[in-house]
Amino acid sequence: MTTDAGAVRATWIAPSADIDPRAVLGDGSTVADRAQVREFARVGPGCAVGYAAYLGPGVILGRQCTVQDFALLYEPTLLEDRVSVGPGAVFTNDRFPRAVVPSGRLKSAADWVLVGVTVRTGASVGANAVCVAPLTIGRWAIVADGSVVTADVPEYALMDGIPATRVHWVGQSGARLKNVGPGLFRCPVTGAHYSEHDGTLRPLGIAPR
Amino acid sequence: MIPAPETAGHPLIEATADVDPAAEVGAETRVWHLAQVRENASIGSGCILGRGSYIGPGVILGRNCKVQNYALIYEPAVLEDGVFVGPAVVFTNDMFPRAVNPDLSIKMAEDWHPVGVHVGTGASIGARAVCIGPVSIGRWALVAAGAVVTKDVPDYAIVAGVPARRIGWVGRSGIPLRRAEDGRLTCPATGEHFHERDGVLLAERESG
Ligand SMILES: CC(C)(COP(=O)(O)OP(=O)(O)OC[C@H]1O[C@@H](n2cnc3c(N)ncnc32)[C@H](O)[C@@H]1OP(=O)(O)O)[C@@H](O)C(=O)NCCC(=O)NCCS
């Protein structure tokens, strides 16, 4: 178990980062050059926001999340704890985007309902991947580089392709699980066992071996 | 037809944006931080150019276009009125790119002919999509996030995937059209009717 109590590192903000005064940054978080953190965004403790990354208004990051260079997270993105977002990944907020309403007037905030991407604890999204909201990425899932995710992702799924489909199961360690029996999987790194049922994977209460 | 914005005013350009003096930027257009607008580009009124976006030399944007963060629009692209370009989209301009000529001398402007992307009125290009010029995106079409468009897209088409293929039809509101039992397609938002003929969608005239 990790604790956030104890030694609190200083928050570090690069000189050209653009952080709205109404945004909140947790202890020990870092924001690199040319990143933008919009109003009311909340970044938890120990997060790292990369070069030129973008966090839209009100976007929430839990603790120890990493958002790599040029990743664009539009509101209302929510990352739980220890989520990794690769360089250049994009989380959208409008499934059917238009610049204008049918009459031709520029669309304004009042003209559409924002939809968001939620990424649950420990999940990773690869470089240049796109997540098309609304959707939720389950705990410890991995989205491969360059994929386009258009629907909810189950826990522990390894997703790849455009549109992304599940190609494997992965454990908490990120390693691909080995199929060791009917509906039974084992992590080669931690030795933990998992069972698959109806397209979902659950950790089993079996001591790792 | 896209009506002009009700009020006239100056463009609003952030200090860190780089707008060439020989570019034209319309009234009420907003150019956000770190965006670059190159020489002779012409941007209509009421547009929004997102943070870090790039508009190449001589590129033309109509009115009320929205270009999202870090989208890269290389010349000679033309966007008609009301076009949406999603975050991290790229419009390319060289079908067979090479840094050098066959003799390994560096390629100069006169060694190649840029080819452009044309986007019709009201069309939307989803996040991180790539449109490989020369290509034309029809009016009110919708290119899915992450698609790679290599051939022309008909009006009102939804295209997705690599390479992009048509997966449906969409109305001006952006919502996919629904097919009724008689085969007609209807926009759930505006109530407009359409019919499909030979891969082309035609709006039906209002009648009783
Ligand atoms: C294309 C789009 C409009 C489809 O949304 P939808 O109508 O809800 O479609 P569905 O999720 O029901 O998918 C329909 C089919 O198309 C496929 N599909 C959907 N989006 C896709 C995409 N981006 N790329 C490839 N295939 C896609 C689905 O897998 C599904 O295939 P199937 O019928 O074989 O199962 C949407 O996915 C999209 O890309 N929107 C653009 C978002 C964006 O970029 N916004 C701008 C930034 S905020």
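A quick note: this is a predicted structure, and the numbers were derived from the prediction, not measured. Residue numbers begin at 1 in each chain, while the letters A, B, ... track the order of the sequences.
Summarising the geometry, atom NZ belonging to A:Lys107 is positioned 8.0 Å from atom NZ belonging to B:Lys66; distances are rounded to the nearest 0.5 Å. The distance from the OG atom of B:Ser124 to the CG atom of A:Asp94 is 8.5 Å, given to the nearest 0.5 Å. How far CG of B:Asn69 is from CZ of A:Phe70: 11.0 Å, rounded to the nearest 0.5 Å. To the nearest 0.5 angstrom, B:Arg128 atom CZ is 10.0 Å from A:Ile162 atom CD1. Once rounded to the nearest 0.5 Å, the distance linking NE2 of B:His33 with CD of A:Gln36 reads 6.0 Å.
Contacts of A:Pro163 with chain B are absent, with no heavy-atom separation under 4.5 Å from either backbone or side chain. Residue contact with chain A, scored on non-hydrogen atoms closer than 4.5 Å, involves the side chain of B:Thr190 exclusively. Of the atoms belonging to A:Leu72, it is side-chain heavy atoms, and not backbone ones, that fall under 4.5 Å from chain B. With a 4.5 angstrom heavy-atom cutoff, B:Ile48 touches chain A only via side-chain atoms.
Partners of A:Arg38 according to the salt bridge (Lys or Arg N to Asp or Glu O under 4.0 Å) rule, which considers only residues two or more places apart in sequence or in another chain, do not exist here.
Taking 4.5 Å as the heavy-atom cut-off, the residues of residues 160-170 of chain B that approach chain A are B:Gly161, B:Val162, B:Val170, ordered by number.
Smallest separation of non-hydrogen atoms from A:Arg98 and B:Gly122: NH1-O, 3.0 Å. In plain terms, the two heavy atoms of B:Tyr70 and A:Ala52 that are nearest each other are OH-CB, 3.4 Å. Nearest approach of A:Val101 to B:Trp140, heavy atoms of both residues: O-CH2, 4.4 Å. Annotation for A:Tyr74 and B:Pro87: closest pair OH-CB, 3.4 Å, computed over non-hydrogen atoms. Between A:Val148 and B:Gly146, the shortest heavy-atom distance links the atoms CG2-CA, 3.7 Å. A pairwise comparison of heavy atoms in B:Gly174 and A:Phe96 identifies O-CB, 3.0 Å as the closest pair.
For the 3.5 Å distance criterion, the side chains of B:Asn64 and A:Arg105 fail to qualify, holding no donor opposite an acceptor.
Within a 6.0 Å radius of CZ in B:Arg30, more than 12 heavy atoms belonging to other residues, nucleotides or ligands are found. Within a 6.0 Å sphere centred on CZ of A:Arg22, heavy atoms belonging to other residues, nucleotides or ligands number more than 12. Atom NZ of B:Lys151 sits in a sparse spot, with 12 or fewer heavy atoms from other residues, nucleotides or ligands closer than 6.0 Å. No more than 12 heavy atoms of other residues, nucleotides or ligands lie within 6.0 Å of CZ in A:Arg42, so this atom counts as exposed by the packing criterion. Heavy atoms from other residues, nucleotides or ligands lying under 6.0 Å from NE2 of B:His195 number more than 12. The number of heavy atoms from other shown groups lying within 6.0 Å of CD (B:Glu196) is above 12.
Comparing B:Ala123, B:Cys65, B:Ser173, B:Gly52 by how many heavy-atom pairs each has under 4.5 Å with chain A, the most go to B:Ser173. Among the candidates A:Asn128, A:Asp111, A:Val132, the residue making the largest number of heavy-atom pairs closer than 4.5 Å to chain B is A:Asn128.
Residues B:Arg51 and A:Asp18 are in side-chain contact: their nearest non-hydrogen atoms beyond the backbone lie under 4.5 Å apart.
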